[in-house]
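Taking it in order: structure first as structure tokens, then the write-up.
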Amino acid sequence: NGKFSLKVLSLLRGNKNSLDPDQTHQVNYWGLIIRLLKLNIPYEVIMELHEGELVVILALTTALEKKAQEDQQANAQRR
């Protein structure tokens, strides 16, 4: 649905009121699953993990990506 996609995009841009709480939870959950799949974690493994473990994995990968970006920027400024 095109309207729903626009609401999801609005949520991703930071508008927390674009969807009802149940829809927001579903989008956040499946967004997490999609990110983990993109990290090549098998779906079966993801489904066996507890929500807290999923959040830790996502937080860690996000932090590692941000750190790598910061390191690249620092190296570029030194040149």
Side-chain angles (χ1 to χ4, degrees):
N1 182 333
K3 288 183 181 181
F4 185 70
S5 294
L6 291 175
K7 288 182 177 184
V8 170
L9 181 59
S10 180
L11 176 70
L12 295 175
R13 288 180 174 157
N15 181 359
K16 294 180 179 17
N17 298 320
S18 62
L19 298 170
D20 68 48
D22 185 54
Q23 289 173 323
T24 299
H25 178 75
Q26 289 180 30
V27 167
N28 288 334
Y29 173 80
W30 285 106
L32 173 61
I33 299 302
I34 290 167
R35 290 224 25 213
L36 294 173
L37 289 169
K38 286 183 175 183
L39 293 171
N40 295 319
I41 299 173
Y43 183 78
E44 296 78 21
V45 172
I46 294 168
M47 290 296 107
E48 292 177 8
L49 297 172
H50 297 284
E51 187 175 352
E53 293 171 308
L54 297 172
V55 170
V56 168
I57 292 168
L58 180 61
L60 181 57
T61 56
T62 301
L64 289 170
E65 289 169 1
K66 182 157 181 59
K67 177 74 169 85
Q69 289 174 350
E70 290 172 354
D71 290 348
Q72 286 179 345
Q73 289 174 348
N75 287 335
Q77 289 175 354
R78 289 185 202 138
R79 294 178 191 176

Contact list for residues 27-36, test salt bridge (charged side-chain N to carboxylate O under 4.0 Å, His left out), sequence neighbours left out: Arg35-Glu65
[X]: partners by side-chain hydrogen bond (donor to acceptor under 3.5 Å, both in side chains), with sequence neighbours left out:
X: Lys38; value: none
X: Thr61; value: none
X: Asn28; value: none
X: Asn17; value: none

With sequence neighbours left out, write down each residue that passes side-chain contact (heavy atoms from CB on, under 4.5 Å) with [X], or none if nothing qualifies.
X: Gln23; answer: Phe4, Leu19, Asp20
X: Arg13; answer: Leu9
X: Lys67; answer: Glu70, Asp71

Roughly how far apart are [X] [atom1] and [Y] [atom2], rounded to 0.5 Å?
X: Leu36; Y: Ile41; atom1: CG; atom2: CD1; result: 4.5 Å
X: Leu32; Y: Leu37; atom1: CG; atom2: CG; result: 9.5 Å
X: Leu49; Y: Ile57; atom1: CG; atom2: CD1; result: 5.0 Å
X: Leu54; Y: Ile33; atom1: CG; atom2: CD1; result: 5.5 Å

Cluster link Ile34 to Leu60, ILVMFWY, side chain under 4.5 Å: no
Between Met47 and Val45, is there shared hydrophobic-cluster membership here, with clusters defined by ILVMFWY side-chain heavy atoms closer than 4.5 Å? yes
All pairs passing side-chain hydrogen bond (donor to acceptor under 3.5 Å, both in side chains) where residues 39-52 contributes a residue, at least two apart: none
